[in-house]
Amino acid sequence: MEEKIKSLEEAVDLIQDYSILALGGNLIHRSPAVLAMALGLAGKKGLHLIKTAGAFDVDFLCAMGSVRAVEAGYIGYENEFGLADFYRKGVEEGRIEALEQACYTVIAGLRAAIAGVTFMPVVGLEGSDLVKARGFKKVKDPYGEREFYAIQAITPDWTILHVQKADREGNCVINGPYYEDPIMARAGKKVLVTAEEIVEEDFSDNPALTSIPGFLVDAVVEIPRGAFPGTCAFYYGEDGDFIKKFKACRSSEDIRKLVQEREISV
Amino acid sequence: MEEKIKSLEEAVDLIQDYSILALGGNLIHRSPAVLAMALGLAGKKGLHLIKTAGAFDVDFLCAMGSVRAVEAGYIGYENEFGLADFYRKGVEEGRIEALEQACYTVIAGLRAAIAGVTFMPVVGLEGSDLVKARGFKKVKDPYGEREFYAIQAITPDWTILHVQKADREGNCVINGPYYEDPIMARAGKKVLVTAEEIVEEDFSDNPALTSIPGFLVDAVVEIPRGAFPGTCAFYYGEDGDFIKKFKACRSSEDIRKLVQEREISV
Amino acid sequence: MKEYGPAEMMIVAIARMLNDGERVFHGVASPIPMLAILVAQRLYSPGLTYINITGGINARPEVLPKSTDAPELIHKSKVIFPLADIFDLSARGELDTAFLSGAQIDSRGNINSSVIGDFSRPKVRLPGGAGSAALVPTAKRVIVWRAKHDPRIFVENCDFITARGNVKEVVTPLGIFEKIFGRLELKSIFSYSSLAEIREKTGFRVSEPFGEEIGEPTKEEMEVLKELDPERVRDIEF
Amino acid sequence: MKEYGPAEMMIVAIARMLNDGERVFHGVASPIPMLAILVAQRLYSPGLTYINITGGINARPEVLPKSTDAPELIHKSKVIFPLADIFDLSARGELDTAFLSGAQIDSRGNINSSVIGDFSRPKVRLPGGAGSAALVPTAKRVIVWRAKHDPRIFVENCDFITARGNVKEVVTPLGIFEKIFGRLELKSIFSYSSLAEIREKTGFRVSEPFGEEIGEPTKEEMEVLKELDPERVRDIEF
């Protein structure tokens, strides 16, 4: 079996400019934030990001000029930390395309990719201006008269997840909420996992706890505190101070300096 | 909260003649066989059964004249016990309609029901005579030129599952393979669970092990050996002798006698 | 008794609107609905099914997080029911109440969480509607809440309609609107506010309230709130 | 060395056809493919991903069940990957090899597992194609096997085509066919059979085999088989 365990540098090299990347986790929770930081600091360009609800990971890549489009339901930090200003500014200045979806239609698009079809019919969206803005088309039930919005398949080149535990084969155990990670793992052409711990444990003792099947995973990187500055359930909470300092940065140089000061290995 | 725990008699009374029933498990494994026997012995009529791959449960209901249609990918006992003769005879004599699906299209139909849409596009079926025989229609991607077969939603009136453990709220832990049970539980208008054990355990200690969400479950019946004569992982294996004797029965009276002899409480 | 403010008033007003046995969902950035649901379960609707975006079902968080998508919100849940399943539940008509909010809320109960200005090159890019475009048309009842009440939020027409549909009530720090014949009509004014204040702070026509006044938070409600939320996470929306 | 029969020959012939690194699936009623995959993993393709209908991934059953859908087939699996996921995997083009069988197999590699006679009022109602109508057109390669070889099974045209598609090889107790330009052509004859026997027992035209003879099971293969299947579950198909 080929070696799936990679260093952070090797993992960063796997991701090509202009790729479509699905990022796991949700908001500041168990998102692959350190890997996202590493991509931004490595100067990746033209990334198309897929997320249901994103915060620091997306905003950081926007801040570093790595993003051409964001396809998501929500990008922001909720009440405590406010708007995702780098994302927002990028969109307002026309550098980043905001391909807003409803979170459900991100899921529907991923489900279409999983099932190898090019679209998925969904209930919902009626009356939303997103229909016109995003060009969502309808599809008619060939057996009846009902029409549904059709959501085009979303196929990430890479799905990038952060999990608590992975084994050498890429099997992953997620503690706490899964968010959309299992769906993203199935939809991605390739899957990169960062893990708090790569363990020697035999997951076959309780295979029902394995959230991500190893045979779908291409690369595994051990990154303790890999969801920093976000949370990782049962491991650590968020670092609000860091998020605030990041949000106060005025240039990519400020950001590089902040990362260095905090001695984050990216 | 209303009481979900029912006796077997109460559960049988819940199921109306001419209902559409999805039966969990697969072949002789963890299927709700005792509940199926009870329905057959109670003289239920006109049932439309949904299953990916079925064996004793479906065959028993066919033997008792309870079935009008079977919508499934496979009905048989595999190599050891051979064909499902009661089902087969019923179809050959025109008493039972064999609505053959591919197992995947049963799943697709259930998925459509889960998502509230009336059809699901699928890849596959190309070149199969099932297309004509079942009247499967195509649907075109409104964004492109590709066509897919559209599978109509399958909405069971009741999904009936057998599990190892349930709590009073209907949360279920399945040990071993899940088969299509979690999908069927979501697709059914109502859900009836039979369980080896109703436990006082607090499943919140490890919610990732709960396969069926209790809030979707309407009724729970404790039936130890409820998958008899089939298997229930980590609890018991099949009773091949009983299956052979059942298959040798020549009338519903023979079957009633066999069940009485074995002192099965149905 | 002036130990309560708009946060407490909104929470208890919403808690009293929920019914026993119903399935109620909140998503991200929703401390007030989170608390309202927890208060309702404790005092009025013990059989309510509390569903949140983490996949928690009837979670009993030990410590309330500021982020309503945080892992604390599956604590004591007996199953994980991920967001994809929750959307499906709503799409097939089995979700009773969903809580959503918006940057703008208009006279017809439409919400905008997307943009001010042109969609593709907006003046202000807002976070996005999260699940609202899918949930507002499919949940049986949508309760919209917003912890600020001013005329730039409560507008005659949204700049962009992110979601439209089954909005029934809109709860603000000043009172409650209900959608009647397609328009938001003032139902109740909270005791510390007035029709004049609401008219002043609302960008669309407001008639006399058609419903009864909502009683102030009771001692019992305040005690439960204090117990559930000693750190006053609820204030974060204000 | 005549310690082997058709079961062993079929199993090792199939085992040698599998490649390292590929994803291989079997469904119900498939003892021969189950054993062939396990032998292949042991001897030739340790990096093969063994997927079975129970959701087991690289399962290592302690005791081989007679039913190839039995819970024993997730033993030692590190994850559960249910059938719905397996079908999706094939539908999106990521399943390398699927094993399927049929009551009839015709000259074009089509399979019938549905009916003899009219579909709605058949002379014989067969069990049904299980996953075949979905998998045969979508798996990259389909290997069909059948433990009996007679002219009622190997027919010019199936009465009903349950599944058609990417059938590449057909393995019988007597030899191996390969689909070439849309027709099954005899590739290899097992040492204990003959062209004459195969022609006699096949309902369509059979040409001289175009491939090499398949070597008899080796001592090593027989030992692994004995170890994996001491109870001779493999005989159940015959």
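In what follows, every chain begins at residue 1, and chains take the letters A, B, ... in the order their sequences are listed.
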Could you check whether any side-chain N or O of [X] sits under 3.5 Å from a backbone N or O of [Y], counting only pairs where one atom can act as donor and the other as acceptor?
X	Y	answer
C:D96	C:R23	yes
C:E221	C:V39	no
A:N26	A:H29	no

Proximity breakdown for [X] and chain A, heavy-atom pairs closer than 4.5 Å:
X	value
C:S77	neither
C:T54	both
C:P122	both
C:F160	both
C:I161	both
C:D88	both
C:V136	neither

Given heavy-atom pairs under 4.5 angstrom as the criterion, report whether the side chain, backbone, both or neither of [X] touches chain C.
X	answer
A:R30	neither
A:E126	both
A:I183	side chain
A:A233	both
A:L27	both
A:L83	side chain
A:Y87	side chain

For each of [options], tally heavy-atom pairs with chain A at distances under 4.5 Å, and name the one with the top tally.
options	answer
C:L73, C:N110, C:V28	C:V28
C:A147, C:G165, C:S114, C:P82	C:S114
C:I74, C:I53, C:T138	C:I74
C:S132, C:S90, C:A84, C:G131	C:A84

Straight-line distance of C:E22 CD to C:T97 OG1, nearest 0.5 Å: 3.5 Å

Output the distance between atom CG (A:D239) and atom CD1 (A:I28), rounded to the nearest 0.5 Å. 10.0 Å

Could you walk me through whether C:E156 and C:S107 pass the side-chain hydrogen bond (donor to acceptor under 3.5 Å, both in side chains) test, one step at a time? CA-CA 5 Å; C:E156 178 62 36; C:S107 59; 3.2 Å; yes

Geometric class of the A:F246/A:F56 ring pair [parallel <30°, tilted 30-60°, perpendicular >60°]: perpendicular

Measuring centre to centre across the rings, with the benzene-like ring taken for any Trp, is C:F204 within less than 6.0 Å of C:F177? yes

Count the heavy atoms belonging to other residues, nucleotides or ligands that lie under 6.0 Å from CD of A:E93, then report whether that count exceeds 12. yes

Apply the test side-chain hydrogen bond (donor to acceptor under 3.5 Å, both in side chains) to residues C:S120 and C:D118: give CA-CA distance (whole Å), side-chain angles for both, the deciding distance (0.1 Å), then the verdict. CA-CA 6 Å; C:S120 55; C:D118 180 57; 2.9 Å; yes

I need the residue from A:G76, A:A108, A:G94 with the largest number of non-hydrogen atom pairs under 4.5 Å to chain C. A:G94

If you count heavy-atom pairs under 4.5 Å between each of A:E97, A:E180, A:K132, A:R134 and chain C, which one has the most? A:E180

Looking only at non-hydrogen atoms, find the nearest pair between C:P31 and C:I236 and report the distance. CG-CG2, 3.6 Å

Which pair of heavy atoms, one from A:I151 and one from A:G109, lies closest together, and at what distance? CG2-N, 3.8 Å

